[in-house]
Chemist: 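I have a structure here, written as structure tokens, and I will follow up with some questions on it.
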Amino acid sequence: MQMITVLGATGSIGVSTLDVIARHQDKYAIFALTAHTQIDKLAEQCLQFNPKFAVVGDAALAEQLQAMLRAGGSTTEAIYGVDALCKVSNDAAVDTVMAAIVGAAGLVPTLAAVHAGKKILLANKEALVMAGGLFMQAVADSGSLLLPIDSEHNAIFQCLPAGCGSSASASSNSGVEKLLLSASGGPFRGMTLEQMHGVTPDQACAHPNWSMGRKISVDSASLMNKGLELIEACWLFAVPEQSIEVVVHPQSIIHSLVQYSDGSVLAQLGNPDMRTPIAHALAWPQRIESGVANLNLFEIARLDFEKPDMQAFPCLAIARAAAQAGANAATILNAANEIAVQAFLDERIGFTQIADVVEQTLNSQVISEPESLEAVQESDNQARLYSSAYIKRLEK
Ligand code: NDP
Ligand code: MG
């Protein structure tokens with residue numbers, strides 16, 4: 001029996017994770033489920049999966065949740081705060097942690113799991129983007145097993161030779177020449193920058209192929225998601241950014257590809273449903289049923305590919321430049337993007353201003369190698385302060 005903590009259980013990835021786990025209750029049991037504010041949803045999940053702990057954002061919510069759980073006859077203990085998130089991530093009883101909190105908030109609990117040598121199923125790409133060097137060093141030091149959930153990285157992991165994924169260099173003797181990162185192009189594919197000026201948060205969140213949380217949906221629309229994924233891939237597979245090419249593939253059937261020196265290109269295909277990478281990582285190196293329908297190639301009939309439009313989607317080039325700059329550039333990029341995306345979702349700035357906020361913030365900050373977690377957090381904080389102030393000026 002594998003004991004699992006799901007960080008961000010009430011989110012899109014969390015719900016898909018629990019859907020897969022519910023199909024295999026003989027193999028997996030839940031140690032803890034966490035949410036930030038959605039206690040109704042969390043209570044329902046607790047009644048179904050009976051975890052030892054349920055974690056929420058603050059004391060008042062924990063009290064309300066505890067009352068709901070008691071009323072439902074559950075023995076789950078409701079606790080709260082970052083320390084509680086860390087406790088359920090590094091507890092000796094836990095084997096596997098699904099890291100599916102959105103944004104920088106996921107870093108500290110995910111690192112707690114890494115330091116404790118847990119098997120980490122990493123959906124929370126922002127944690128790796130903002131603290132890549134420290135994160136991968138911690139993985140190496142603790143011997144924890146890091147498996148990618150992001151569909152593209154999971155696909156690449158599946159297409160790399162055994163032993164090459166998850167923190168082992170893909171270059172050496174393996175013949176790996178290039179990683180080809182699939183991108184759907186998002187809801188605004190084919191539009192010009194001008195045409196995107198007036199788009200609304202709901203339009204940005206209406207992804208053609210994937211149903212996801214609002215933050216990653218906006219990132220997918222701006223292609224910042226692909227930029228974050230580029231940086232994520234550099235860390236996961238120990239390759240330089242020049243070895244990664246973004247391929248727009250609107251059907252989202254090929255989730256990414258690996259090109260080898262002998263001319264072979266390996267791809268992973270499947271219906272766009274996150275339960276496939278989740279099931280893959282949960283059971284790895286075995287395979288389990290995920291609930292995802294079999295791929296019907298005759299129905300799909302065709303697969304298209306195009307280059308990303310770098311004029312219309314400046315976030316991709318900004319992220320690539322941050323990957324090239326290294327040091328704390330990705331920390332700054334991620335922090336500014338989180339602030340800008342929230343401001344867009346709150347309708348304080350326009351969609352096309354997200355790139356502007358991120359670029360200005362990167363230009364304003366000192367680029368230096370963060371030697372500690374505190375240095376990463378300081379850099380993150382400074383970037384948030386700058387971008388928030390910059391957005392205030394834009395609003396005037
Ligand atoms: P959602 O917004 O749907 O869910 C986020 C989860 O994190 C919720 O459980 C939420 O709790 C919790 N949360 C939010 N803020 C905090 C906080 N400050 N402290 C603790 N918990 C918090 O996001 P997704 O599931 O879409 O994405 C999760 C991660 O997975 C992201 O990093 C995303 O980039 C990545 N990912 C997602 C994919 C997808 O298909 N959705 C695909 C690939 C990667 P509450 O519900 O209470 O607010
Ligand atoms: Mg992805």
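In listed order, ligands and their atoms are each counted from 1.
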Chemist: Among the N, O or S atoms of E229, which one sits nearest to the Mg ion (ligand 2)?
Modeler: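 E229's closest N, O or S atom to the Mg ion (ligand 2) is named OE2.
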Chemist: Answer yes if the side chains of E359 and N363 hold a donor-acceptor pair under 3.5 Å, and no otherwise.
Modeler: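 No, N363 and E359 have no side-chain donor paired with an acceptor closer than 3.5 Å.
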Chemist: Is K125 in contact with ligand 1, taking contact as a heavy-atom separation below 4.0 Å?
Modeler: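 A heavy atom of K125 does come that close to ligand 1.
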Chemist: Please could you name the atoms of ligand 1 that G8 approaches to less than 4.0 Å, counting only its heavy atoms?
Modeler: 6 (C), 7 (O), 9 (O)
Chemist: Could you check whether atom CD of Q286 has more than 12 heavy atoms from other residues, nucleotides or ligands sitting under 6.0 Å from it?
Modeler: no
Chemist: With heavy atoms only and a cut-off of under 4.0 Å, state how E126 meets ligand 1: side chain, backbone, both or neither.
Modeler: side chain
Chemist: For atom 11 (O) of ligand 1, which of the options H36, M212, H153 provides the nearest non-hydrogen atom?
Modeler: H36
Chemist: Counting both backbone and side chain atoms, is some N or O of Q38 under 3.5 Å from an N or O of ligand 1?
Modeler: yes
Chemist: If the test is side chain to side chain donor-acceptor pair (under 3.5 Å), which one of H207, R189, H249 qualifies with S184?
Modeler: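 It is H207; the other options fail the test.
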Chemist: So which protein heavy atom does atom 28 (C) of ligand 1 come closest to, and at what separation?
Modeler: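 For atom 28 (C) of ligand 1, the nearest protein heavy atom is A100 O, 3.4 Å.
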Chemist: Among protein heavy atoms, which sits nearest to atom 26 (O) of ligand 1, and what does the distance come to when rounded to 0.1 Å?
Modeler: G213 N, 2.9 Å
Chemist: Are any of the side-chain heavy atoms of L111 and L373 separated by less than 4.5 Å?
Modeler: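 Contact flag for L111/L373 side chains = yes.
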Chemist: What's the shortest distance from atom 29 (C) of ligand 1 to any protein heavy atom, and which residue and atom give it?
Modeler: I101 O, 3.8 Å
Chemist: One residue to check: V102. Relative to ligand 1, which of side chain, backbone, both or neither has a non-hydrogen atom less than 4.0 Å away?
Modeler: both
Chemist: Between the side chains of E44 and K41, is the shortest nitrogen-to-carboxylate-oxygen separation below 4.0 Å, so that they form an ion pair?
Modeler: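 Looking at K41 and E44, the cut-off is not met.
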Chemist: Below 3.5 angstrom, do we get any N/O pair linking I13 and ligand 1?
Modeler: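 By distance alone, the answer is yes.
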Chemist: Looking only at heavy atoms of G14, does any of them come nearer than 4.0 Å to an atom of ligand 1?
Modeler: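 False for this residue.
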Chemist: Mind checking whether I288 and I149 sit in one hydrophobic cluster, side chains of I, L, V, M, F, W, Y counted as touching below 4.5 Å?
Modeler: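 Yes, I288 connects to I149 through the hydrophobic network.
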Chemist: If we only count N/O pairs under 3.5 Å, is T37 in contact with ligand 1?
Modeler: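 The answer is yes, given that T37 and ligand 1 share an N or O pair closer than 3.5 Å.
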Chemist: What atoms of ligand 1 come within less than 4.0 Å of a heavy atom belonging to A123?
Modeler: 30 (O), 32 (O), 35 (C), 36 (N), 44 (C)
Chemist: For the 3.5 Å polar cut-off, considering only N or O atoms, please tell me whether T10 and ligand 1 meet it.
Modeler: yes
Chemist: When you compare ligand 1 with G11, is there at least one nitrogen or oxygen pair between them that comes in under 3.5 angstrom?
Modeler: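 Among all N and O atoms of G11, at least one is under 3.5 Å from an N or O of ligand 1.
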Chemist: Kindly work out whether a path of hydrophobic side-chain contacts (I/L/V/M/F/W/Y, heavy atoms less than 4.5 Å apart) joins F31 to I4.
Modeler: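 No, because F31 and I4 fall into different hydrophobic clusters, even though each may have its own neighbours under 4.5 Å.
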Chemist: Donor-acceptor pair, distance only, cut-off 3.5 Å: does the side chain of S142 make one with the backbone of V114?
Modeler: yes
Chemist: Which atoms from ligand 1 have a heavy atom of D150 less than 4.0 Å away?
Modeler: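 So the answer, numbered in order with elements, is 43 (C), 44 (C).
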Chemist: Establish whether L181 and L128 are linked, either directly or via other cluster members, by ILVMFWY side-chain heavy-atom contacts under 4.5 Å.
Modeler: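 Same cluster.
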Chemist: Report the name of the N/O/S atom of D150 located nearest to the Mg ion (ligand 2).
Modeler: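 So the atom name we want here is OD1.
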Chemist: Group every Ile, Leu, Val, Met, Phe, Trp and Tyr by side-chain heavy-atom contacts under 4.5 Å, then state whether M98 and L85 land in the same group.
Modeler: no
Chemist: Give a yes-or-no answer on whether the side chains of T200 and D202 include a donor-acceptor pair shorter than 3.5 Å.
Modeler: no
Chemist: Report the part of A105 (side chain from C-beta onward, or backbone N, CA, C, O) that has a heavy atom under 4.0 Å from ligand 1; answer both or neither where that applies.
Modeler: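 For A105, the contact with ligand 1 is made by the side chain alone.
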Chemist: Could you check which of I216, L42, N225 puts a non-hydrogen atom nearest to atom 33 (C) of ligand 1?
Modeler: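 That would be I216.
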Chemist: Write the atom name of the N, O or S atom in E152 that is nearest the Mg ion (ligand 2).
Modeler: OE1
Chemist: What is the closest protein heavy atom to atom 3 (O) of ligand 1, and at what distance does it sit?
Modeler: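 Ranked first by proximity to atom 3 (O) of ligand 1 is S12 N, 2.9 Å.
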Chemist: Examine W284 and M3 and state if one hydrophobic cluster contains both, with Ile, Leu, Val, Met, Phe, Trp and Tyr joined whenever side-chain heavy atoms are less than 4.5 Å apart.
Modeler: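 No, no single cluster joins them.
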Chemist: Evaluate W210 for polar contact with ligand 1, using N/O atom pairs at a separation under 3.5 Å.
Modeler: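 Min N/O separation from ligand 1 is not below 3.5 Å for W210.
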Chemist: Between D83 and K87, is the closest basic N to carboxylate O distance under 4.0 Å?
Modeler: no
Chemist: Just wondering, are more than 12 heavy atoms of other shown residues or ligands nearer than 6.0 Å to NZ in K52?
Modeler: no
Chemist: Just distances here: any N/O of T34 and N/O of ligand 1 closer than 3.5 Å?
Modeler: no
